[in-house]
Structures are given as C-alpha cells and as structure tokens.
Amino acid sequence: MKLIKTFIFSLLIISCTDKKPDNQTSEFEKILGIGNVATLDFLVSDFENDFLKRQYPNLDTENAYRQFLTELRDKKKGNWKRISEKARNKFKASDLRLEIYKFPDSVWIIENSDFDKIESDSLEYIQLPAPYVKSRYKFTNQDGTTEYSFTRGNSFKLTSNSNFDSIINQELNSPNFNYIGKYLQALESIKNKNKFYEKLFDAKKSFGYVLPKLTAFEMLDYGIDLNDKLNRQIIVLELAY
C-alpha cells in the first residue's frame, strides 16, 4: 500500500512539473493588473458562452472563433447577435475600458467670441470663421501630477444653428485609443513572441484603431492557435469591444 501511495505521489509531481506556465499570457496579464484581468476573463467567458453559442450553435468553441474571424474577414456578418447587455455594461463601467480608450473630460464649442478665452490654455490655432469642437483629455502621472492634451475638430459639421448640447454630449462619450494605457503596454510586452503580435502592436501604436477585417485576416493568415487563452483575449478586446 505504501508503495502504491509513493507511485501515485511521484506521478503527481511529474504531472505538475510537465505543465509549462504560459509566459506570454502571464506577462500580458501582469501588466493589465488583477482587476482588469478579472473583467477580461468575464468578457471572454460571456463572448464564448453567450455570443458564440447563440451565433454558431452547432460549432464547438474553437471552430466558432474560426467562423467568427472568417465572417469578419469576408464581410459576411449576416444577422449577427449582439454582445449581451450584461457584458456591455460590465465593460462600460470597468477600468479596463479606460486602459484601452480615452474620453475627454471637458468639451467646448468654440465660436469667434470664445476663441481668446478658451484657446489661451493650449496651443494656438488659426482662428476660423466657423465654430468647432475642442476636447480636453486629462492624464494622471504615476507621481500624482496631472497633465492635459487637447484636440479640435468637427468644424465642418457645425453651424450657428447646431444643437451644441447634443454635440458636446456625443463628444464626451466618443472613445479614442489610449496610447499610454495598460492595454498597449501589455501588447508591447508580447510583441516579440510572434509576427502577429508584433504587427498588431505596431499598428495599434501607429494608428490606434485597426479595421476588424484586417485583424481577422492577419489572425487567420498567421494561423494563430484559437485554443490559446491570450489569443482569445485579444480577439475579444480587438473585435468585440
């Protein structure tokens, strides 16, 4: 009996030793942080067990991911289901969302009479005869200090009769890619692992937004492992949210 117990114990040790840690995922998740990873795990689980199962009820999870990518690549979305409301609300209220996207903390409609008053707090622009939208983004540094950046645009959409309140509200809720967020940092940490990760990081760093069709094409072209946890995380973040 003692010999049997010893043999079983040895098998358990060998089994545990043979399991190699997923260093790619651990580094990616380490940079995102525990709270953001918990949110991401929820989003992936919901995507697989809700969206994919409703969209492709006759496919297993791996092939459902493959079909999803294929339809994106070929622009054959058909009557796609929506991501569950619970998951969308979870993401909207999460810190993870703010590591991927940035939103302005203040928005103004600049008219000629406001130009000197508002433009004095940032880079000077040539004064235009038409009103335009100016947005301010707030960043908190690791040392606790605060910095701001500014953008302007949408002047071609504005007239003196425009609904300024509606435009301001729309701008406050319009996402832009967060170039200093943890998501891009996490992608940078894995960029040397394979060519797909490298191309994805370079594209995100240069352009922020990448067309889902192109991402799906690259994933299928490189033949990424659709059973890999990290690849599934990237699919959900890049193509679902």
Side-chain angles (χ1 to χ4, degrees), residues 28-33 35-37 39-40 43 88 90-160 162-191 197-212 214-215 233-234 236-241:
F28 182 84
E29 292 184 343
K30 178 180 177 182
I31 292 175
L32 281 184
N36 291 325
V37 170
T39 299
L40 180 52
L43 299 180
R88 285 186 282 113
K90 176 90 170 178
F91 180 67
K92 186 176 181 180
S94 71
D95 291 334
L96 177 61
R97 177 173 178 251
L98 300 180
E99 297 296 346
I100 302 173
Y101 302 108
K102 63 178 181 178
F103 297 82
D105 75 304
S106 297
V107 174
W108 302 272
I109 303 295
I110 308 299
E111 299 184 85
N112 290 341
S113 60
D114 296 323
F115 185 84
D116 293 333
K117 179 176 65 177
I118 302 297
E119 285 300 326
S120 63
D121 62 5
S122 62
L123 295 175
E124 294 292 335
Y125 291 103
I126 298 174
Q127 190 168 357
L128 298 175
Y132 61 88
V133 176
K134 177 178 177 181
S135 301
R136 185 182 75 176
Y137 296 86
K138 179 180 179 180
F139 301 96
T140 301
N141 299 316
Q142 292 184 349
D143 61 4
T145 59
T146 299
E147 294 185 18
Y148 297 94
S149 67
F150 299 84
T151 63
R152 67 180 285 181
N154 292 327
S155 59
F156 64 92
K157 296 181 180 179
L158 296 174
T159 69
S160 58
S162 296
N163 186 332
F164 287 177
D165 288 340
S166 176
I167 293 170
I168 288 174
N169 184 64
Q170 181 179 349
E171 287 296 314
L172 285 170
N173 291 283
S174 296
N176 287 280
F177 186 67
N178 186 352
Y179 288 94
I180 62 173
K182 291 180 181 179
Y183 177 54
L184 188 62
Q185 296 172 27
L187 288 178
E188 184 175 19
S189 74
I190 61 171
K191 69 176 184 178
Y197 294 158
E198 181 181 1
K199 289 186 72 171
L200 178 62
F201 169 75
D202 289 343
K204 300 296 286 187
K205 185 178 180 181
S206 298
F207 307 109
Y209 177 75
V210 182
L211 288 173
L214 295 179
T215 302
Q233 289 174 328
I234 290 175
V236 170
L237 290 180
E238 284 296 313
L239 304 179
Y241 292 92

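Between V210 and L214 the shortest heavy-atom distance is CG1-CB, 4.4 Å. Between I31 and A186 the shortest heavy-atom distance is CG2-N, 3.7 Å. Between S94 and T39, the closest heavy-atom pair is CB-CG2, 3.8 Å. In plain terms, the two heavy atoms of N163 and S166 that are nearest each other are OD1-N, 3.1 Å. Shortest non-hydrogen contact noted between I110 and K134 is CG1-CB, 3.8 Å.
Among residue pairs with one or both ends in residues 179-188, none qualify as salt bridge (charged side-chain N to carboxylate O under 4.0 Å, His left out); sequence neighbours excluded.
With a 4.5 Å cut-off on side-chain heavy atoms, N176 and Y137 count as touching. With contacts defined as side-chain heavy-atom distances shorter than 4.5 Å, the pair I100/F91 qualifies. Residues L96 and L237 meet the side-chain proximity criterion, which asks for heavy atoms closer than 4.5 Å. Taking the side chain as every heavy atom from C-beta outward, L187 and F28 approach each other to under 4.5 Å. Under the 4.5 Å side-chain criterion, counting only non-hydrogen atoms from C-beta, L184 is not in contact with N178. Taking the side chain as every heavy atom from C-beta outward, F150 and S135 never approach each other to under 4.5 Å. Annotation: side chain of F201 is not in contact with side chain of I190 (no heavy-atom distance under 4.5 Å).
Here the CG-CD distance, from L32 to E99, works out to 8.0 Å after rounding to the nearest 0.5 Å. Taking CD1 from I180 and CD from E147, the interatomic distance works out to 8.0 Å, rounded to the nearest 0.5 Å. Atoms CG and CZ, on L172 and F103 in that order, are 10.5 Å from each other to the nearest 0.5 Å.
Evaluated for a side-chain hydrogen bond (donor to acceptor under 3.5 Å, both in side chains) with Y183, the options K204, R97, E238 yield exactly one hit, E238.
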Fill in: F177 vs Y179, ring pair (Phe, Tyr, Trp, His ring centres under 6.0 Å): CA-CA, chis, key distance, verdict
CA-CA 6 Å; F177 186 67; Y179 288 94; 5.1 Å; yes
Practice prompt. Kindly determine whether I109 and V133 satisfy side-chain contact (heavy atoms from CB on, under 4.5 Å), including the steps that lead there.
Written response: CA-CA 5 Å; I109 303 295; V133 176; 3.7 Å; yes
Worksheet item: Yes or no on side-chain contact (heavy atoms from CB on, under 4.5 Å) for D95 and N36, after CA distance, side-chain angles and deciding distance?
Response: CA-CA 7 Å; D95 291 334; N36 291 325; 3.6 Å; yes
